[in-house]
Amino acid sequence: MRGLFVTFEGIDRSGKTTQARLLAEVLGDEALGVREPGGTPAGEHVRDLLKDAAIPLGAEAEALLFAAARAELVAGVIRPALEEGRVVVSDRFLDSSLAYQGGARGLGVDEVERINRFATGGLVPDLTFLLEIDPAAAAERVGESDRFEDEGSSLQQAVLEAYERLVAADPGRWRRIDATRAPSEVHAQVMAAVDAARSGARA
Ligand code: TYD
């Protein structure tokens with residue numbers, strides 16, 4: 001039996017992490033929550049490297065490191081859980097690389113998709129939430145800063161536009177959600193979509 005693979009995407013401080021956690025909590029033992037980059041011993045080291053703005057990193061190396069962390073997570077954690085029939089909830093996945101590295105960094109979505117297909121063996125989420133918020137509004141929210149957030153709102157705007165293009169290219173998989181609303185309201189919308197996807201999967 002194959003479980004359900006749900007991912008959360010959005011610009012920095014869009015509230016994805018809160019929503020991914022809430023969903024995993026409500027689903028309980030049936031769910032497995034993961035975050036990217038990270039979630040495996042190698043992946044957590046790669047995460048530290050990627051987040052450290054003091055370490056110079058070219059765009060290509062950055063994309064490959066995200067893909068390497070993802071390869072470990074898919075092979076070691078996500079696929080085994082899906083094979084057990086669990087709901088895997090990931091705070092970011094492949095689309096983050098397509099939007100940040102492919103779109104905002106200018107490497108090209110197709111190129112970044114190719115390296116990720118190699119990394120993941122072609123695993124694509126069943127359902128992906130885009131938490132939509134204006135970069136200026138997101139910047140006012142509290143949160144830790146990192147390599148990406150330090151680059152300011154023009155990068156975030158480019159990421160948002162890249163996400164919009166991904167949604168337009170594959171509308172069946174994506175659900176857009178207004179992330180300026182209260183977390184409880186966002187969560188209610190998330191639950192409704194997950195319930196619908198699960199009853200669709202059973203039907
Ligand atoms: P994350 O820890 O999820 O930050 P936040 O909680 O603020 O969203 O992700 C770290 C940063 O890495 C974030 O700015 C987005 C970026 N990122 C990419 O550029 N490409 C990727 O493939 C992933 C997974 C994240």
Side-chain angles (χ1 to χ4, degrees), residues 5-24 33-40 42-74 77-78 88-120 123-125 128-135 137-163 165-166 177 179 183 186:
F5 186 23
V6 180
T7 59
F8 285 85
E9 298 286 351
I11 62 169
D12 296 297
R13 303 188 193 183
S14 56
K16 316 167 273 66
T17 305
T18 304
Q19 292 301 327
R21 204 190 55 234
L22 278 173
L23 176 62
V34 296
R35 68 166 182 186
E36 279 215 335
T40 64
E44 290 294 324
H45 280 292
V46 172
R47 177 184 183 87
D48 291 342
L49 202 163
L50 281 163
K51 289 205 116 178
D52 187 349
I55 301 174
L57 206 51
E60 290 81 2
E62 182 184 283
L64 289 164
L65 285 168
F66 277 116
R70 185 165 297 130
E72 286 292 284
L73 189 65
V74 167
V77 180
I78 296 178
V88 176
V89 178
S90 189
D91 180 359
R92 298 194 180 282
F93 191 64
L94 164 75
D95 298 296
S96 285
S97 282
L98 301 181
Y100 281 77
Q101 282 67 50
R105 289 273 195 245
L107 290 181
V109 170
D110 292 345
E111 199 80 330
V112 175
E113 191 160 28
R114 256 198 299 281
I115 61 167
N116 275 279
R117 204 174 304 137
F118 173 67
T120 65
L123 181 68
V124 175
T128 300
F129 293 102
L130 177 61
L131 298 195
E132 292 181 297
I133 183 168
D134 178 67
E140 283 170 18
R141 294 180 167 182
V142 276
E144 55 173 310
S145 62
D146 59 31
R147 172 187 304 276
F148 300 92
E149 296 180 42
D150 290 350
E151 289 185 35
S153 67
S154 63
L155 179 88
Q156 300 294 321
Q157 185 61 41
V159 170
L160 188 58
E161 287 167 14
Y163 274 130
R165 288 194 293 274
L166 293 173
I177 299 206
V186 174

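Computed from a predicted structure; not experimentally measured. We count ligands from 1, going down the list as the structure has it; atoms in each ligand are counted the same way.
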Show the atoms of ligand 1 that are less than 4.0 angstrom away from any heavy atom in [X].
X	result
Thr17	6 (O)
Ser96	20 (N), 21 (C), 22 (O), 23 (C), 24 (C)
Arg47	2 (O)
Lys16	3 (O), 5 (P), 6 (O), 8 (O)

Query raised in the report: Should Ser97 be counted as touching ligand 1, given the test is an N or O pair under 3.5 Å?
Result: yes
Report yes if some heavy atom in the side chain of [X] is under 4.5 Å from a heavy atom in the side chain of [Y]; otherwise report no.
X	Y	value
Ser14	Glu132	no
Asp12	Val159	no
Phe8	Ser96	no
Phe93	Phe5	yes
Leu57	Leu65	yes
Phe66	Asn116	no

**Report entry** Stepwise side-chain contact (heavy atoms from CB on, under 4.5 Å) check, Gln156 with Arg13
**Finding:** CA-CA 10 Å; Gln156 300 294 321; Arg13 303 188 193 183; over 6 Å; no
Report summary line: Looking only at non-hydrogen atoms, the one of Asp12, Val159, Leu155, Leu50 nearest atom 14 (O) of ligand 1 is Asp12
Report summary line: Filtering Tyr100, Phe66, Phe93 for the heavy atom nearest atom 25 (C) of ligand 1 leaves Phe66
**Report entry** Test item, Arg70 contacting ligand 1 (heavy atom, 4.0 angstrom)
**Finding:** yes
Query raised in the report: Quick one: does ligand 1 sit under 4.0 Å from the side chain of Lys51, the backbone, both or neither, non-hydrogen atoms only?
Result: side chain
